[in-house]
Trainee: 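Sending over a structure as structure tokens; questions will come in a sec.
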Amino acid sequence: MELRLLGYVAAIAEEGSISGAARRLHLTQPTLSRQLGELERRLGAELFARTGRGLVPTAAGEALLRRAVRMLADAEAALDDVRLAAAGKTGRLTVGFAGSGINGVLGDALGRLRVELPDVDLCLVELFDDAEMSAGILGGSLDVTVQRLPARDARLATRVWAREPLALFLPAGHPLARTPEPAPVSVLDEIPLVLWPRESAPHAHDEIISLCHHAGIVPRVAARGRTVQTILALVAAGFGAAVMADSYRVLHREGVTPRPLAGTATTLHLVWRAEDTSPLLTRFITALNAVDGRHRAADPIFPGN
């Protein structure tokens with residue numbers, strides 16, 4: 001049975017007359033009468049009885065109407081789902097991200113997206129390995145990642161999205177922690193460092209080592225930690241200082257004082273499958289571009305760019 005005919009039956013029941021339903025449906029009265037008669041013949045039952053109050057559903061009509069109302073509502077809901085999906089306002093998006101990003105501009109972007117797209121199922125996955133994030137995109141377990149060093153693969157679309165300033169996280173009692181002013185990179189020669197193990201975070205490790213080498217400094221590694229919490233605990237215990245994204249200062253670790261590291265920043269890349277042009281991904285990236293952040297990259301990013 002066509003949904004169109006169910007809509008005719010529902011309109012007649014609500015209006016209580018053929019003429020009223022015809023006006024509402026923008027049909028002529030003879031056309032609607034003919035459609036109703038043909039439907040009743042096909043069903044072998046009268047759907048409406050004429051009374052002093054106009055047309056009222058018969059028992060057969062009531063039975064059909066109960067189904068019709070649900071079917072028409074489901075059909076309208078299906079159309080709404082299609083429209084929302086086509087506009088990128090519904091669906092599921094799996095986002096992989098490096099730990100520090102969530103404390104800064106990425107956190108702002110995700111908060112904006114939750115408000116703008118309340119019907120999107122946003123699945124967040126924290127990962128520390130850049131290679132694992134790129135592999136997740138290629139394998140389909142992730143839709144988009146915010147990471148520091150994406151793999152070089154023609155199947156990946158990558159763009160610089162934001163730049164996070166770096167900070168020197170110092171033991172609170174260290175002389176270098178006495179001023180909040182930005183510290184020159186040269187101070188890294190004055191204190192041992194607490195680093196990420198290279199096997200677990202190669203890019204973060206190499207970034208700090210490279211920073212030292214460019215400043216003509218041979219770094220002294222005092223300890224290593226695999227998590228931010230461990231690194232900050234080692235700093236608080238006096239093992240040395242850690243160079244990490246400035247956004248980690250929001251953790252407010254007791255015994256640790258962050259100090260900006262002048263002229264330094266780490267780069268965040270946005271990564272997605274090059275062939276993925278889904279409306280939801282486009283909408284997500286639009287939300288990322290809309291975030292007002294001091295360290296956002298200058299150029300907008302859109303799938304296909």
Trainee: Is a side-chain donor or acceptor of D130 paired with a backbone partner of R148 at a separation under 3.5 angstrom?
Mentor: yes
Trainee: Give me the one residue out of L232, L168, L166 that meets side-chain contact (heavy atoms from CB on, under 4.5 Å) with M244.
Mentor: L232
Trainee: Might you point out which heavy atoms bring P192 and A222 nearest each other, and give the distance in Å?
Mentor: CB-CB, 3.6 Å
Trainee: How long is the gap from CG on L72 to CG on L3, to the nearest 0.5 Å?
Mentor: 6.0 Å
Trainee: What's the separation between atom OG1 in T230 and atom CG in L234, rounded to the nearest 0.5 Å?
Mentor: 6.5 Å
Trainee: Any donor and acceptor pair, going by atom type alone, linking the side chain of H214 with main-chain N or O of S210 inside 3.5 Å?
Mentor: yes
Trainee: Rounded to the nearest 0.5 Å, how far apart are CG of L64 and CG of L6?
Mentor: 6.0 Å
Trainee: How about CZ on R114, more than 12 heavy atoms from neighbouring residues, nucleotides or ligands closer than 6.0 Å, or not?
Mentor: no
Trainee: Is there side-chain contact between F97 and Q147, with at least one heavy-atom pair below 4.5 Å?
Mentor: no
Trainee: Any chain of hydrophobic side-chain contacts (each under 4.5 Å) joining V69 to L47?
Mentor: no
Trainee: Salt bridge or not between D143 and R92? Use side-chain N to carboxylate O under 4.0 Å.
Mentor: no
Trainee: Checking L138 against L156 for the side chain to side chain contact (heavy atoms under 4.5 Å, CB included) test, could you report, in this order, the C-alpha distance in whole Å, the side-chain angles of both residues, the deciding distance, and whether it holds?
Mentor: CA-CA 7 Å; L138 292 172; L156 294 176; 3.6 Å; yes
Trainee: As a quick check of understanding, evaluate side chain to side chain contact (heavy atoms under 4.5 Å, CB included) for S141 and T94, giving each step before the final call.
Mentor: CA-CA 7 Å; S141 61; T94 304; over 6 Å; no
Trainee: Would you say that L32 contacts I12 through its side chain, given a criterion of any heavy-atom pair below 4.5 Å between the two side chains?
Mentor: yes
Trainee: Are any side-chain N or O atoms of S33 and backbone N or O atoms of Q29, one a donor and one an acceptor, separated by less than 3.5 Å?
Mentor: yes
Trainee: Between L55 and L27, is there shared hydrophobic-cluster membership here, with clusters defined by ILVMFWY side-chain heavy atoms closer than 4.5 Å?
Mentor: yes
Trainee: Roughly how far, to the nearest 0.5 Å, is the CD atom of E62 from the CZ atom of F48?
Mentor: 9.0 Å
Trainee: More than 12 non-hydrogen atoms from neighbouring residues, nucleotides or ligands closer than 6.0 Å to CZ on F239, yes or no?
Mentor: no
Trainee: Mark yes or no for whether E164, through its side chain, and T266, through its backbone, hold a donor-acceptor pair below 3.5 Å.
Mentor: no
Trainee: If you draw a 6.0 Å radius around CZ in R4, do more than 12 non-hydrogen atoms from other residues or ligands fall strictly inside?
Mentor: yes
Trainee: Using modelled atom types and a 3.5 Å cut-off, is there a donor and acceptor pairing between side-chain atoms of T282 and backbone atoms of S278?
Mentor: yes
Trainee: Look up atom CD in E190 and atom CG in L170, then write down how far apart they are to the nearest 0.5 Å.
Mentor: 10.0 Å
Trainee: Treating Ile, Leu, Val, Met, Phe, Trp and Tyr as nodes and any side-chain heavy-atom pair under 4.5 angstrom as an edge, say whether L117 and L122 lie in one connected cluster.
Mentor: yes
Trainee: Count the heavy atoms of every other residue, nucleotide or ligand shown that sit under 6.0 Å from CZ of R67, and state whether that count exceeds 12.
Mentor: no
Trainee: Quick check on the hydrophobic clustering: are V82 and V120 connected, directly or via other members, by side-chain heavy-atom contacts under 4.5 Å?
Mentor: no
Trainee: Begin from the C-alpha positions of R259 and E181 and carry the test salt bridge (charged side-chain N to carboxylate O under 4.0 Å, His left out) through to its verdict.
Mentor: CA-CA 7 Å; R259 185 176 174 187; E181 298 298 319; over 6 Å; no
Trainee: Okay, side chain of T58, backbone of E46: is any donor-acceptor separation there less than 3.5 Å?
Mentor: yes
Trainee: A side-chain contact here means heavy atoms from C-beta on lying under 4.5 Å apart; do R253 and Y248 qualify?
Mentor: no
Trainee: Of R224, R226, H205, which meets side-chain hydrogen bond (donor to acceptor under 3.5 Å, both in side chains) against E199?
Mentor: R226
Trainee: Side-chain contact test, heavy atoms from C-beta onward, threshold under 4.5 Å: evaluate it for L268 versus V160 and give yes or no.
Mentor: no
Trainee: Roughly how far, to the nearest 0.5 Å, is the CG atom of L142 from the CH2 atom of W272?
Mentor: 15.0 Å
Trainee: Over all heavy atoms of both residues, which pair between P260 and P180 is shortest? Give the atoms and the distance, please.
Mentor: CD-O, 3.5 Å
Trainee: Between H269 and V146, is any pair of side-chain heavy atoms under 4.5 Å apart?
Mentor: no
Trainee: Is it true that R70 and E76 make a salt bridge, defined as a side-chain N closer than 4.0 Å to a carboxylate O?
Mentor: no
Trainee: Check G91 against L280 and note the closest heavy-atom contact, atom names and distance.
Mentor: C-CD2, 3.8 Å
Trainee: So which heavy atom on L188 is nearest to which on C212, and how close?
Mentor: CD1-SG, 3.8 Å
Trainee: Is there side-chain contact between L5 and L36, with at least one heavy-atom pair below 4.5 Å?
Mentor: no
Trainee: Answer yes if L25 and M71 sit in the same cluster of Ile, Leu, Val, Met, Phe, Trp and Tyr residues linked by side chain heavy atoms under 4.5 Å apart, and no otherwise.
Mentor: yes
Trainee: Begin with the C-alpha distance, continue with both residues' side-chain angles, and end with the deciding distance and a verdict on side chain to side chain contact (heavy atoms under 4.5 Å, CB included) for L281 and V144.
Mentor: CA-CA 8 Å; L281 176 63; V144 60; 4.1 Å; yes
Trainee: Side-chain contact test, heavy atoms from C-beta onward, threshold under 4.5 Å: evaluate it for W196 versus I231 and give yes or no.
Mentor: yes
Trainee: Indicate the atoms forming the closest heavy-atom contact of L127 with M133, along with that distance.
Mentor: CD1-CG, 3.5 Å
Trainee: Salt-bridge test for R155 and E275: reply yes if a basic N is under 4.0 Å from a carboxylate O, no otherwise.
Mentor: no
Trainee: Minimum heavy-atom separation for V185 to A215, with atom names?
Mentor: CG1-CB, 3.7 Å
Trainee: Is there a side-chain contact between I209 and L195, using heavy atoms and a 4.5 Å cut-off?
Mentor: yes
